[in-house]
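A quick write-up on the structure given underneath.
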Amino acid sequence: MAQNTLILGLQWGDEGKGKIVDALAENSEVVCRFQGGHNAGHTIKVDGEEKVLHLVPSGILHPSIDCVLGNGLVLSLRALSEEILELEKSGINFKDRFYISNDCCLILPTHIQIDKVRDKSEGIGTTGKGVGPAYEDKVARRAIRFGDLKDLSFLKPKLKILVEYHNKILMHLYDSDPVPFKDVEEELVEHQKLYDKFHTPTQELLSEWVQDNKKIIFEGAQGSMLDIDHGTYPYVTSSSTTAGGLLTGLGIGPKYIDSILGITKAYTTRVGEGPFPTELFDENAKQLAKIGHEFGATTGRPRRCGWLDLKALEKIMFVNSVTSLCVTKLDVLDRFKEIKICIDYDENQDPIYKTFIGWKTQISNIKTFTDLPKEAQEYILFIETYLRCPVDIISVGPSRDQTIYKS
Ligand code: GDP
Ligand code: IMO
Ligand code: MG
């Protein structure tokens, strides 16, 4: 593995980032998140046990790895606290290995309320975690940041003005109940200990680690097609999920990123509303959803399913300057007689497909590329050739060891 690797999803999220970050973390020293919030749901399966991480980086299951939440995240103190507590119960230690940027903007209970009521009329199908409203406040320069928890009495007047503003939106724009100020204040007071334990000038720490040649993984959340600038706007999330988001979301320059691993499922899924050219509504969709267990890890909503869209991936590969690919959930296609890949769109913007013959055998125990059925190899080789990028990793099951390293 290269020194510092960015790992990100190339589709609409849920590509299997958590599984791959956890698997590759074995050979690294640090895992950092740089954008998004607890809208993410990253699933890791180890020794038959499944863990879903929302804010905590997917390196945490390896005891020697340091984990960082960079300035680019939006942070719900309650969500983080609950997640840490749950992980601590299963014996995971956070002391001296978990660092949160002082500059992270907070998700307050009012943000969550605004997100929920507003989405009813806007119909983006958000996760309802307050992510969009929190990023709005960040850009409008009125957010409360993690470092502000240092002095709550100093913070109180600013918080009061902000909560009043949020409540005006709730009452007057959405005819919804206001959130009592004391509820918001109490959440900050209750979780101030997170600040005491974990607050860090993460940008400085990162710069030291880079000087020390530590091996670092940068873990993307969401997927590139949910990027606020380059995704299917307005049906996107509110952060920069593509490679550019890493640079600002942690404060690290591009020359320190040695490789960029783009993850794509062997097919496509999407949760929430928005365009999805290769979406299926037939028996194949049902099979993909059923075999792939395609239900959102954060909200439990069914994921929409369709064939792989190489035309869409091609564009997003450039945006991210992907240096190698990982194809996940190839095993989900095991039982299909025919599998399709979108290679272009026609004049109506409908997908043009190339059809592949299915391999019709179980591949989840296979360890090497050359042991895969010929048809599965051909499927992967076509992706490589079309995207002009090597597929270095193929995932054939949710567990760490169900990973084929092709090169
Ligand atoms: P993330 O958000 O990108 O981390 O992905 P999610 O965890 O939301 O969704 C991926 C789901 O697929 C999880 O339930 C994983 O356990 C599972 N998964 C990951 N890789 C594979 C794979 O290669 N095969 C199968 N069958 N499941 C996988
Ligand atoms: P991971 O990291 C899949 C989607 C939501 C909605 C849109 C905006 O697990 O891949 P938001 O709450 O962010 O304002 O919702 O983005 N979305 C995701 N879809 N995986 C995710 O994260 C997602 N995070 C947000 O469904 O369509
Ligand atoms: Mg997910």
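Basis for what follows: all heavy atoms, side chains included, without hydrogens, waters or symmetry-related copies. Quick caveat, the model's predicted, so the values are computed rather than measured.
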Between the side chains of R78 and S76, does any donor sit under 3.5 Å from an acceptor?
no
To the nearest 0.5 Å, how far apart are CG in L149 and CG in L194?
8.5 Å
Apply the test side-chain contact (heavy atoms from CB on, under 4.5 Å) to residues I383 and V327: give CA-CA distance (whole Å), side-chain angles for both, the deciding distance (0.1 Å), then the verdict.
CA-CA 9 Å; I383 297 172; V327 175; 4.3 Å; yes
Distance only, no hydrogens: is a donor on one side chain within 3.5 Å (strictly under) of an acceptor on the other, for K19 and S399?
no
Any donor-acceptor N or O pair under 3.5 Å, side chains H38, E83
no
What I'd like to find out is whether the side chain of L77 reaches to under 4.5 Å of the side chain of F146, using heavy atoms alone.
yes
Is the closest side-chain donor-acceptor distance between N39 and Q222 under 3.5 Å?
yes
Is the closest side-chain donor-acceptor distance between Y345 and D309 under 3.5 Å?
yes
Going by atom types alone, do D14 and T269 pair a side-chain donor with an acceptor below 3.5 Å?
no
Assess whether atom CG of D151 is packed by more than 12 heavy atoms of other residues, nucleotides or ligands within 6.0 Å.
yes
Is there side-chain contact between L333 and L288, with at least one heavy-atom pair below 4.5 Å?
yes
Under the side chain to side chain contact (heavy atoms under 4.5 Å, CB included) test, residues paired with E88 that sit two or more places apart:
I84, L85, F94
Look up atom CD in Q113 and atom CZ in R118, then write down how far apart they are to the nearest 0.5 Å.
12.0 Å
Is it true that E338 and Y353 share a donor-acceptor pair across their side chains at a distance under 3.5 Å?
no
So V30 and I217, do their side chains get closer than 4.5 Å, heavy atoms only?
no
May I have the step-by-step check of side-chain contact (heavy atoms from CB on, under 4.5 Å) for F218 and I252, ending in yes or no?
CA-CA 11 Å; F218 306 105; I252 185 167; 3.7 Å; yes
Are side-chain N/O atoms of D401 and T403 paired as donor and acceptor at under 3.5 Å?
no
Any donor and acceptor pair, going by atom type alone, linking the side chain of E49 with main-chain N or O of D47 inside 3.5 Å?
no
Within 45° of the ring axis of Y195 and under 6.0 Å from its six-membered ring centre, is that where the NZ or CZ of K150 lies?
no
Does S207 use its side chain to pair, donor to acceptor, with the backbone of Q203 at less than 3.5 Å?
no
Rounded to the nearest 0.5 Å, what separation is found between the CG atom of L261 and the CD1 atom of I393?
5.0 Å
Judged by modelled atom types alone, do T264 and Q11 share a side-chain donor-acceptor pair under 3.5 Å?
yes
Would you call the rings of W12 and F276 parallel, tilted or perpendicular, taking 30° and 60° as the class edges?
tilted
side-chain contact (heavy atoms from CB on, under 4.5 Å) between S101 and L69, intermediate numbers included:
CA-CA 6 Å; S101 167; L69 300 184; over 6 Å; no
Answer with yes or no whether the side chains of S58 and R33 bring together a donor and an acceptor at under 3.5 Å.
no
Using distance alone, with no hydrogens and no angle criterion, decide if T241 and S224 have a side-chain donor and acceptor under 3.5 Å apart.
no
Is there a donor-acceptor contact under 3.5 Å linking the side chains of H42 and D22?
no
Report the residue from T323, N4, L246 that forms a side chain to side chain contact (heavy atoms under 4.5 Å, CB included) with I257.
L246
Check whether the ring centres of W209 and Y99 lie less than 6.0 Å apart, and answer yes or no.
yes
Nearest 0.5 Å, what's the CD-CZ distance between E378 and F356?
8.5 Å
Any side-chain donor paired with an acceptor under 3.5 Å for H166 and D137?
yes
Run the numbers on E314 and K311 for salt bridge (Lys or Arg N to Asp or Glu O under 4.0 Å), then give the verdict.
CA-CA 5 Å; E314 191 177 31; K311 193 70 194 164; 3.6 Å; yes
If you round to the nearest 0.5 Å, how far is CZ of F382 from CD1 of I343?
5.5 Å
